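Worth saying up front: this structure is predicted, and the values here are computed from it rather than measured. Every chain is numbered from 1, with letters handed out A, B, ... down the list of sequences.
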2 protein chains.
Amino acid sequence: MSRDSAALSRSGPASPSLHRGAPDLRTQCAACPIRHRAVCASCEPDELQQLEAIKSYRSYAAGQRILWAGDEMGFVASVVQGVATISQTLADGRRQMVGLLLPSDFLGRPGRATAPYDVTAASEVMLCCFRRKPFEALLATTPHLSARLLEMSLDELDAAREWMLILGRKTAREKIASLLTIVARRQMLAGLRAVRGRIVIDLPLTREAMADYLGLTLETVSRQIGALRADGVIALDGTRRIVVPDIRALMAETGDDMDGAPIA
Amino acid sequence: MSRDSAALSRSGPASPSLHRGAPDLRTQCAACPIRHRAVCASCEPDELQQLEAIKSYRSYAAGQRILWAGDEMGFVASVVQGVATISQTLADGRRQMVGLLLPSDFLGRPGRATAPYDVTAASEVMLCCFRRKPFEALLATTPHLSARLLEMSLDELDAAREWMLILGRKTAREKIASLLTIVARRQMLAGLRAVRGRIVIDLPLTREAMADYLGLTLETVSRQIGALRADGVIALDGTRRIVVPDIRALMAETGDDMDGAPIA
DNA sequence: CGAGAGTTTGATTGCACTCAAGATAGGTGG
DNA sequence: CCACCTATCTTGAGTGCAATCAAACTCTCG
């Protein structure tokens with residue numbers, strides 16, 4: 001998972017690196033890969049300038065904790081690159097992932113000072129962090145920002161509700177197919193890998209992380225992925241990369257109504 | 001469930017009644033029971049006046065569908081009174097509740113024209129409906145409104161995530177205890193029934209609706225409620241009213257960390 | 001008092017969990 | 001370059017919790 005991460009992580013794995021002040025390409029919003037999908041998507045140049053003044057980049061190594069539940073949160077952030085997970089733990093250690101953060105997703109809640117969930121980098125992750133207090137001030141005076149945040153929050157709520165259906169009512173096999181479909185859809189929206197029906201899903205999640213997403217055990221995840229492979233619905237390229245020869249066949253395994261749009 | 005509903009429903013069960021124009025007590029926001037918790041909570045008098053111009057009340061009988069997935073939505077609304085459910089259905093009929101609407105909760109999504117979920121009245125329900133288009137216009141010009149809606153959406157997202165943990169990782173017994181705890185907490189926040197530890201939960205949900213909430217079957221719900229009763233954790237007053245002699249004992253059954261605030 | 005929805009209880013089944021080895025792969029140091 | 005080491009993943013056997021199938025019971029309500 002550190003195939004192409006050399007350029008990204010210059011700091012040690014233990015402490016996030018701060019690139020603030022470096023007149024790097026990455027500090028210019030205009031060249032930002034998530035410019036048109038993140039919370040800042042509808043901001044005007046002058047509004048971006050205000051955001052630039054309170055932002056800084058932080059990188060995290062795969063596996064590194066970004067936040068612990070209960071931590072003081074001095075910032076909110078956009079995910080620029082990589083995948084992070086939001087999870088909750090029961091008294092006896094049972095864990096459930098409650099959020100999957102992909103590039104352009106927003107992390108943190110304005111008005112909340114302490115993190116209610118654990119956040120962990122699943123792959124190499126780069127965040128664009130905004131100091132919380134000034135961000136909240138901007139939010140109050142910048143409709144372009146608050147309207148976009150509302151829209152993103154409502155999208156997340158929809159995603160959470162789809163996820164509830166998966167957790168509450170789907171079989172193990174349907175859960176796996178649903179997860180793969182969801183990630184494939186997100187990757188397509190981000191403009192990646194749409195090669196004539198043959199879709200490659202890069203899922204930097206361990207079997208255990210998938211199990212925590214789906215409310216299963218890692219053994220069941222492994223068995224069901226094996227079964228989908230044996231049935232020709234998916235193929236594996238290593239353990240973390242999944243090739244889907246026919247996305248419609250995969251979607252037929254999710255248990256959903258097939259009324260929705262083909263893929264996106 | 002129609003014990004005290006005579007004053008509420010003047011319309012037949014099939015078609016919602018519209019009280020618009022009647023200079024009734026209920027049409028005055030100042031006297032509204034959810035005035036300080038709903039989406040309009042932080043609005044100034046002049047802003048309320050603008051809302052009054054686009055609002056109307058609708059009542060629904062217990063069991064009546066409020067919206068079907070795919071329906072055109074001409075309005076968004078606040079729940080004034082009663083309980084409604086938001087649910088999703090799989091191709092073969094499996095159903096999962098993905099939202100529980102209690103008084104002051106908001107229904108609908110600005111910018112969305114068609115309902116993605118089924119919405120059903122679980123008890124007698126009264127909605128305060130705002131025509132969607134003018135509401136969206138107000139939202140764009142009224143920070144008091146949009147900020148409150150953002151806050152409420154983020155609260156709902158938190159609730160959805162707590163719910164995911166319940167669906168994904170809790171046992172049947174823990175699920176029941178969690179549902180009761182959540183409803184008890186909401187009722188306390190609404191200022192009801194805090195009689196010296198002895199809490200009465202009015203849950204106008206059938207066993208089947210609870211099952212749809214928790215990702216269980218109605219038989220399992222019945223059995224686990226029976227088990228909690230047999231263990232003295234709860235008592236029943238009819239089938240829909242639950243008495244909790246010791247809320248801490250109930251919360252101990254949820255599987256959660258007991259770090260959180262006692263009740264609220 | 002009968003009808004029907006809703007609820008409870010019982011018997012059995014089955015899917016996913018648990019416990020337990022192995023297999024594979026990525027990374028490290030000799 | 002290879003052998004090793006640890007993570008991760010796969011596979012197997014047996015169990016258990018909740019689902020399923022089935023029937024009796026209990027409220028309201030007409």
Side-chain angles (χ1 to χ4, degrees), chain A residues 1-6 13 61-64 90 92-96 120 122-124 166-177 203-230 234 236-242 255, chain B residues 1-6 13 61-64 90 92-96 120 122-124 166-177 203-230 234 236-242 255:
Chain A
M1 75 190 52
S2 53
R3 201 165 19 249
D4 49 4
S5 61
Q64 191 181 356
L90 248 29
D92 61 359
R94 280 172 285 172
R95 203 179 325 148
Q96 175 65 49
T120 309
S123 67
E124 191 75 32
I166 293 170
L167 288 172
R169 292 302 187 194
K170 290 193 178 180
T171 65
R173 184 183 176 97
E174 289 168 339
K175 284 178 173 182
I176 298 288
L203 234 202
L205 298 181
T206 63
R207 298 290 183 257
E208 186 178 23
M210 290 187 225
D212 286 343
Y213 186 109
L214 299 170
L216 297 170
T217 59
L218 65 90
E219 294 96 329
T220 298
V221 169
S222 183
R223 274 185 250 270
Q224 295 299 332
I225 287 181
L228 286 173
R229 190 195 50 69
I234 60 175
L236 299 183
D237 176 17
T239 59
R240 308 276 175 91
R241 173 170 297 184
I242 288 162
Chain B
M1 76 190 54
S2 53
R3 200 166 18 250
D4 48 4
S5 61
Q64 191 180 359
L90 249 27
D92 61 359
R94 281 171 285 172
R95 203 177 327 147
Q96 174 66 48
T120 309
S123 67
E124 191 75 32
I166 292 170
L167 288 172
R169 292 303 188 194
K170 291 193 177 180
T171 64
R173 184 184 176 98
E174 289 168 341
K175 284 177 172 182
I176 298 289
L203 233 202
L205 297 182
T206 64
R207 299 288 183 257
E208 186 178 24
M210 291 189 224
D212 286 343
Y213 185 109
L214 298 169
L216 298 171
T217 59
L218 64 91
E219 295 95 329
T220 298
V221 169
S222 182
R223 273 185 249 272
Q224 294 299 332
I225 287 181
L228 286 173
R229 190 194 50 68
I234 61 175
L236 298 184
D237 176 17
T239 59
R240 306 279 175 88
R241 175 171 294 185
I242 288 162

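Taking both residues in full, the closest heavy atoms of B:A62 and B:A122 are given as CB-O, 3.9 Å, listed atom of the first, atom of the second, then distance.
Rounded to an integer number of Å, the gap from CG of B:D212 to P of C:dG6 is 13 Å. Per the geometry, CG belonging to B:D237 stands 15 Å off C1' belonging to D:dT26, to the nearest Å.
Separating the CG atom in A:L167 from the CG atom in A:L214 is a distance of 7.0 Å, to the nearest 0.5 Å. Remark: B:L205 CG to B:R240 CZ distance equals 8.0 Å, nearest 0.5 Å. Here the CZ-CG distance, from B:R169 to A:D212, works out to 5.0 Å after rounding to the nearest 0.5 Å. Interatomic distance, A:Q64 CD to A:T120 OG1, rounded to the nearest 0.5 Å: 10.0 Å.
Terminal axes of the helix from C:dC1-D:dG30 to C:dA23-D:dT8 (five pairs each, C1' rotation axis) are separated by 40°, to the nearest 10°.
Taking the syn range as angles within 90° of 0, the glycosidic angle of D:dA23 is outside it, so the base is anti.
If you take atom P in D:dC4 and the same atom in D:dT8, they sit 22 Å apart, rounded to whole Å.
Legend: residues meeting side chain to side chain contact (heavy atoms under 4.5 Å, CB included) with B:T171, ordered by chain and number and at least two apart, are A:R94, B:R173, B:E174.
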Quick one: what's the B/S/- string for nucleotides 9-21 of chain D, heavy-atom cutoff under 4.0 Å, read 5' to 3'?
SBBBB----SSBB
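No side-chain heavy atom of B:I242 sits less than 4.5 Å from a side-chain heavy atom of B:D237.
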For residues 216-229 of chain A, tabulate all N or O donor-acceptor pairs below 3.5 Å that involve a side-chain atom, not counting sequence neighbours.
| unit_1 | atom_1 | unit_2 | atom_2 | d |
| --- | --- | --- | --- | --- |
| A:T217 | OG1 | A:T220 | N | 3.3 |
| A:T217 | OG1 | A:T220 | OG1 | 3.0 |

